[in-house]
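Below is one structure, written out as structure tokens, with a few remarks after it.
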Amino acid sequence: MTTHAYDKFLLPGVMNNLGFAVDFAVNGCAVPADSFYDFFIASKVAKEMEAGSPVFICGSSGTELALAVFDRVGFKSDAAEKEFIRFDRTPEYWAGWILAYYQWSSGISFSKIRDYIPFHDIINMYYPLHEAPKEKFSDVMNELILRKNQERGTNLHRLRKVAGLTQKELAELSGVNLRTLQQYEIGLKDINHASGSSINALALALHCNFYDVMELDLKK
């Protein structure tokens, strides 16, 4: 099960602030979306948000969040000094908003998400996903990441397919949380760091050896 760095009741505020931060940076300061996301990670603001830092969870507005990112990476913009007011919700706002949800719900770092899916691709998901449930976005992201990993694949994915089981069926047979199992299968969580009981339960459900489920490099 995913351990969350901050309580669920704080999540809507975090989503709103990251949405406004992206909108302010892109539409208020003319910073390319991918560049702002790179700044967000390089500034360590992303990591502090993931860790539940009160400054960035409940102590800053969206504009203040963006300005903190700019300050930490040494970015200067005349537009950043001007007041930015917007009443509509842009695709850039939605991308920051939904990304905050996905990071919180999945436990995957902002940096690792970027390694798989460029931020501009998330903005391009605005149509039609902005009207879909948040969980639908999570499913789409997981599927995209799985496709990225398909060339190498994971042992868990291969063994499940051989066994003819769906992810839900394997989760029920093994007792491993479905979302966690999905993350192991697409490589977003390292199954080698799973508890011995979880790995053993998966191996029993798949009728294979304990070590077959793990990702071991025998050449080392």
Side-chain angles (χ1 to χ4, degrees), residues 1-6 8 10-11 13-26 29 31-60 62 64-75 91-126 129 134 137-154 179-194 215:
M1 184 176 294
T2 301
T3 300
H4 303 297
Y6 53 92
K8 187 175 184 178
L10 294 171
L11 180 59
V14 176
M15 294 168 64
N16 192 51
N17 283 349
L18 188 54
F20 274 120
V22 174
D23 193 25
F24 170 72
V26 177
C29 303
V31 178
D34 287 330
S35 295
F36 179 70
Y37 196 68
D38 289 343
F39 291 167
F40 178 53
I41 293 169
S43 68
K44 302 295 195 328
V45 170
K47 187 170 284 295
E48 291 179 37
M49 184 179 284
E50 292 162 16
S53 167
V55 173
F56 298 115
I57 296 303
C58 55
S60 302
E64 290 169 338
L65 175 62
L67 291 176
V69 169
F70 290 159
D71 182 62
R72 289 192 181 190
V73 299
F75 176 79
E92 291 79 16
Y93 169 89
W94 175 83
W97 179 84
I98 197 66
L99 191 63
Y101 168 79
Y102 183 67
Q103 190 286 315
W104 181 87
S105 63
S106 69
I108 303 164
S109 72
F110 287 110
S111 179
K112 193 155 192 176
I113 293 170
R114 180 192 59 178
D115 289 344
Y116 284 102
I117 313 293
F119 190 57
H120 67 265
D121 282 353
I122 294 175
I123 294 173
N124 290 337
M125 294 181 198
Y126 180 77
L129 291 179
K134 297 186 294 294
F137 175 82
S138 293
D139 291 340
V140 170
M141 287 289 285
N142 289 339
E143 180 61 28
L144 287 171
I145 292 168
L146 177 57
R147 289 179 194 170
K148 297 273 187 180
N149 278 334
Q150 273 184 337
E151 282 189 14
R152 179 182 67 86
T154 60
R179 184 70 69 183
T180 299
L181 187 149
Q182 290 171 334
Q183 291 169 358
Y184 286 145
E185 187 168 307
I186 63 180
L188 283 176
K189 279 192 173 182
D190 188 350
I191 197 166
N192 296 341
H193 295 160
E215 297 292 325

How close do [X] and [Y] get, counting heavy atoms only, and between which atoms?
{"X": "Ala194", "Y": "Tyr184", "result": "CB-OH, 3.2 Å"}
{"X": "Ala95", "Y": "Ile123", "result": "CB-CG1, 3.6 Å"}
{"X": "Ala51", "Y": "Ala5", "result": "C-CB, 3.6 Å"}
{"X": "Phe24", "Y": "Ala66", "result": "CD2-CB, 3.5 Å"}
{"X": "Leu18", "Y": "Ala100", "result": "CD2-CB, 3.9 Å"}

Subject >> Note: Glu48-Arg72 ion pair, threshold 4.0 Å (strictly below) >> reply: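 Yes, this pair counts.
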**OP:** Run the salt-bridge test on Arg114 and Asp34 with the 4.0 Å N-O cut-off and return the result as yes or no.
**Re:**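 No, no charged N to carboxylate O under 4.0 Å.
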Subject >> Option among Tyr37, Phe40, Phe110, Phe39 that satisfies the ring-ring contact (aromatic ring centres under 6.0 Å, His included) test with Phe119 >> reply: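 Exactly one candidate clears the test, Tyr37.
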Close side-chain approach of [X] and [Y], heavy atoms under 4.5 Å:
{"X": "Phe75", "Y": "Val31", "value": "yes"}
{"X": "Leu129", "Y": "Trp94", "value": "yes"}
{"X": "Leu144", "Y": "Tyr116", "value": "no"}
{"X": "Glu50", "Y": "Trp104", "value": "no"}
{"X": "Phe137", "Y": "Ile122", "value": "yes"}
{"X": "Phe36", "Y": "Phe70", "value": "yes"}
{"X": "Lys8", "Y": "His4", "value": "no"}
{"X": "Ser138", "Y": "Ser105", "value": "yes"}

**OP:** Consider only side-chain N and O atoms of Asn142 and Tyr102, and report whether a donor and an acceptor are under 3.5 Å apart.
**Re:**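 Asn142 vs Tyr102: donor-acceptor pair found between side chains.
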Original post:
Will you find, in the side chains of Asn16 and Tyr93, an N or O donor that is under 3.5 Å from an N or O acceptor?
Top reply: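 Yes, Tyr93 and Asn16 have a side-chain donor paired with an acceptor closer than 3.5 Å.
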About how many Å separate [atom2] of [Y] and [atom1] of [X], when rounded to the nearest 0.5 Å?
{"X": "Ile108", "Y": "Asp115", "atom1": "CD1", "atom2": "CG", "result": "11.5 Å"}
{"X": "Leu11", "Y": "Ile57", "atom1": "CG", "atom2": "CD1", "result": "9.0 Å"}
{"X": "Leu10", "Y": "Cys58", "atom1": "CG", "atom2": "SG", "result": "6.0 Å"}
{"X": "Ser43", "Y": "Leu65", "atom1": "OG", "atom2": "CG", "result": "8.0 Å"}
{"X": "Ser106", "Y": "Arg179", "atom1": "OG", "atom2": "CZ", "result": "8.0 Å"}
{"X": "Met49", "Y": "Gln103", "atom1": "CE", "atom2": "CD", "result": "8.5 Å"}

Original post:
Ignoring hydrogens and geometry, is there a side-chain-to-backbone donor-acceptor pair from Asp23 to Glu92 under 3.5 Å?
Top reply: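 A pair under 3.5 Å: no.
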**OP:** Check for a donor-acceptor pair, side chain of Ser60 on one end and backbone N or O of Phe56 on the other, with a separation under 3.5 Å.
**Re:**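 No; judged by distance alone, with no hydrogens or angles, the pair does not exist.
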**OP:** Evaluate the side-chain contact (heavy atoms from CB on, under 4.5 Å) criterion for residues Lys47 and Ser109: first the C-alpha distance (whole Å), next the side-chain angles of each, then the deciding distance (0.1 Å), finally the verdict.
**Re:** CA-CA 8 Å; Lys47 187 170 284 295; Ser109 72; 5.9 Å; no
**OP:** Check the pair Glu64, Phe20 against side-chain contact (heavy atoms from CB on, under 4.5 Å), reporting the backbone distance first and the verdict last.
**Re:** CA-CA 10 Å; Glu64 290 169 338; Phe20 274 120; over 6 Å; no
**OP:** Let me see the working for Met141 and Met125 under side-chain contact (heavy atoms from CB on, under 4.5 Å), right down to the final yes or no.
**Re:** CA-CA 10 Å; Met141 287 289 285; Met125 294 181 198; 3.9 Å; yes
**OP:** Take Thr154 and Ile186, measure what side-chain contact (heavy atoms from CB on, under 4.5 Å) needs, and give me the verdict at the end.
**Re:** CA-CA 7 Å; Thr154 60; Ile186 63 180; over 6 Å; no
Subject >> Enclosure of Lys44 NZ (heavy-atom neighbours >12, cutoff 6.0 Å) >> reply: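 No, not enclosed.
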